[in-house]
2 protein chains.
Amino acid sequence: MSLDHAILGFLNVEDLSGYDLKTRCFDDRARHFWTADQAQVYRTLERLHDKRLVTLRTVRQSRKPDRKVYAITDNGRRELADWIVSKPHLPPARDPFLLRLEFSGDLNDETVLDVIARERSAHQDRLDDLRARVSTLGSGSCEATERTCLVHRMTLDGAIARTRATIDWLDDCSETISAHMAQAPPQRTLFESRTPKGDTR
Amino acid sequence: MSLDHAILGFLNVEDLSGYDLKTRCFDDRARHFWTADQAQVYRTLERLHDKRLVTLRTVRQSRKPDRKVYAITDNGRRELADWIVSKPHLPPARDPFLLRLEFSGDLNDETVLDVIARERSAHQDRLDDLRARVSTLGSGSCEATERTCLVHRMTLDGAIARTRATIDWLDDCSETISAHMAQAPPQRTLFESRTPKGDTR
DNA sequence: GAGAGATATATGACAGAACAAGTATATGTG
DNA sequence: CACATATACTTGTTCTGTCATATATCTCTC
């Protein structure tokens, strides 16, 4: 699965320890398209080592705990390249906000507007973060090859494009509901006043 | 988890069996924002029943297997309403395509263009499906309340907006790489170029 | 010198999700 | 008549991801 290949991908650029992968890669560089927690990273590294896709050397440090530094093998590189060009499969859609929205038909307009506004705010925060990261790119933070730098920039642009589209759509939703409010009479709130239909068990 | 609330949401509209939920709800109506497999649906229904959020009645059918029809309880409705207005949390980003793109710095341009084109095609299929579903909405397929119909339309619009943004961005990526190809000398290929043969991972 | 925080790795327990397969009945198709 | 398909529910297994916690050392600050 993808976490294996994510780790192989980072190791293809440079040798890294589990700690490096967690902090520098997943929490920092890749956080707009993949995340992983520490336990997952360490266990996956073990698995990749068993499969001979990475090698391991222990680096003693003078005044810090030992580091276990992993390096990709030729098998690992082959596995990575095969995966990159393998058949694309879109992950199953799973969007908690659309779920909420779908079921908010019974809520009053003010409540729905508030739910939308809070969702918008979360996406705006994400957008600010993405833009801040793009703005640091030109200024020497990308010391890798030009191509590596280019595709990284592309992933940020992709995340930005989708986030912007989401925010614009949320604004449309707010407008639609506001318009609906203006022309419709104040509504009854169905949620509190449902007729109890169920006997207990 | 969200699946619990998805099921409560559907049951808030009408009583349903596990089979109904799987086929009519998750595979059909909700496939643009949530999916679930059969095992998951049945096990979740059991859990909701244990928690007294739904009730169960068995309906004998003359020439078909019995149906276990579930109905939401007042507790279930309360749980659902609380969840809808609860603090939004954006799910951690997890996009296999961005992962591939990030690590494709070593591939030759033609290969990357092909990977992008195949990804675009998958999104285009999704977009076609979404548009087809929107176009059936006006014509009486939405027999529910006006509000229920409105928010459902909004969820489709949201999925469309994001898919369109993704396709536009993929086109930008293709253009950028084509431009890069035109001006740069033929590149060394660190990876062997691999024939893009489907293989699911 | 006490405590917070960063560096570094590891394990146990568990829930959620995916994948596979099994049971049963009825209908339609070639 | 065999086979596929639709209806309807169930079980087993594995994988993935999350959370909490543990160990150990060093640096910085109050």
Side-chain angles (χ1 to χ4, degrees), chain A residues 1-8 15-28 30-31 33-51 54 56-70 89-96 99, chain B residues 1-8 10 15-28 30-31 33-51 54 56-70 83 89-96 99 200-201:
Chain A
M1 50 86 200
S2 295
L3 180 60
D4 298 43
H5 300 104
I7 289 179
L8 289 176
D15 296 354
L16 295 162
S17 70
Y19 187 78
D20 294 334
L21 279 163
K22 171 58 181 157
T23 54
R24 298 223 309 270
C25 301
F26 291 110
D27 287 351
D28 190 38
R31 66 167 177 274
F33 60 81
W34 208 270
T35 58
D37 89 346
Q38 239 178 359
Q40 238 181 315
V41 170
Y42 285 110
R43 276 190 264 245
T44 303
L45 281 169
E46 240 173 84
R47 188 150 31 92
L48 293 174
H49 189 242
D50 290 345
K51 286 199 275 178
V54 300
L56 161 64
R57 66 178 193 277
T58 302
V59 176
R60 249 161 260 275
Q61 297 186 111
S62 52
R63 358 198 107 215
K64 284 178 185 175
D66 288 357
R67 284 162 55 82
K68 288 165 86 171
V69 176
Y70 293 85
H89 90 289
L90 304 194
R94 204 155 272 153
D95 184 326
L99 208 46
Chain B
M1 234 301 137
S2 294
L3 180 61
D4 298 44
H5 299 105
I7 289 179
L8 289 175
F10 289 121
D15 297 352
L16 295 162
S17 71
Y19 188 79
D20 294 334
L21 279 162
K22 171 60 180 156
T23 54
R24 297 223 308 271
C25 301
F26 291 110
D27 287 351
D28 192 37
R31 69 168 175 274
F33 60 82
W34 208 268
T35 57
D37 89 346
Q38 242 179 355
Q40 235 182 315
V41 168
Y42 284 109
R43 276 191 261 245
T44 303
L45 281 169
E46 239 172 85
R47 188 151 30 95
L48 293 174
H49 188 242
D50 290 345
K51 287 200 271 179
V54 300
L56 162 64
R57 66 180 193 278
T58 301
V59 176
R60 248 160 261 276
Q61 297 187 112
S62 51
R63 0 197 104 214
K64 284 178 186 175
D66 288 356
R67 282 162 55 80
K68 288 166 85 171
V69 177
Y70 292 85
W83 173 76
H89 88 287
L90 303 194
R94 206 154 270 153
D95 184 326
L99 209 46
T200 358
R201 239 173 286 252

Under 4.0 Å between any heavy atoms, over every strand shown, what does A:Thr23 touch: base, sugar-phosphate, or nothing? Just pick one. nothing
Considering only D:dC9, C:dA17, C:dA10, which nucleotide approaches the side chain of B:Arg67 most closely? D:dC9
Is there a donor-acceptor pair closer than 3.5 Å between any side-chain N or O of A:Asp20 and the backbone N or O of A:Ser17? yes
Using the test side chain to side chain contact (heavy atoms under 4.5 Å, CB included), find all partners of A:Leu56 that sit at least two apart in sequence or belong to another chain. A:His49, A:Lys68, A:Tyr70
Angle separating the five-pair end axes of the helix from C:dG1-D:dC30 to C:dG30-D:dC1, nearest 10°, is 20°
Kindly point out which of D:dG17, C:dA18, C:dA17 is positioned nearest to the side chain of B:Met1? C:dA17
Just the rounded figure in Å: distance from C1' of D:dG17 to CZ of B:Arg94. 7 Å
With sequence neighbours excluded, what pairs up with A:Arg43 under the side chain to side chain donor-acceptor pair (under 3.5 Å) test? none
note: B:Leu21, atom CG; D:dA8, atom P; distance rounded to Å ~ 13 Å
Here the distance between atom C1' of D:dG17 and atom CZ of A:Phe26, to the nearest Å, is 13 Å
Check whether any side-chain N or O of B:Lys68 sits under 4.0 Å from OP1 or OP2 of D:dT10, and answer yes or no. yes
Specify the separation, in whole Å, of atom CZ of B:Arg24 and atom P of D:dA6. 16 Å
Between atom CG in B:Asp28 and atom P in D:dT7, what is the gap in whole Å? 12 Å
Return the 5'-most residue of the pair A:Leu3, B:Gly18 with respect to DNA chain D, ranking by each residue's nearest nucleotide. B:Gly18
Using side-chain heavy atoms (C-beta onward) and a distance below 4.5 Å, is A:Leu99 in contact with B:His5? no
A:Asp15 has an atom CG; how far is it from atom P of C:dA8, in whole Å? 15 Å
Return the set of residues passing side chain to side chain donor-acceptor pair (under 3.5 Å) with A:Lys22 (not counting sequence neighbours), or none when no residue passes. A:Asp27
Qualifying residues under ring-ring contact (aromatic ring centres under 6.0 Å, His included), relative to B:Phe10, sequence neighbours excluded: A:Phe103, B:Phe26
Spacing between A:Asp27 atom CG and D:dT18 atom P, to the nearest angstrom: 12 Å
Residues passing the side chain to side chain donor-acceptor pair (under 3.5 Å) test with A:Asp37, sequence neighbours excluded, are none
Looking at residues at least two apart in the chain, or sitting in another chain, which of them share a side chain to side chain contact (heavy atoms under 4.5 Å, CB included) with B:Thr23? B:Tyr19
Distance below 4.0 Å between A:Tyr19 side-chain N/O and C:dT7 OP1 or OP2: yes
Which residues in residues 37-49 of chain A have a heavy atom closer than 4.0 Å to any atom of DNA chain C? A:Gln38, A:Ala39, A:Tyr42, A:Arg43
Distance check needed: C:dG16 C1' versus B:His5 NE2, whole Å only. 14 Å
B:Arg57: what forms a side chain to side chain donor-acceptor pair (under 3.5 Å) with it, not counting sequence neighbours? B:Asp15
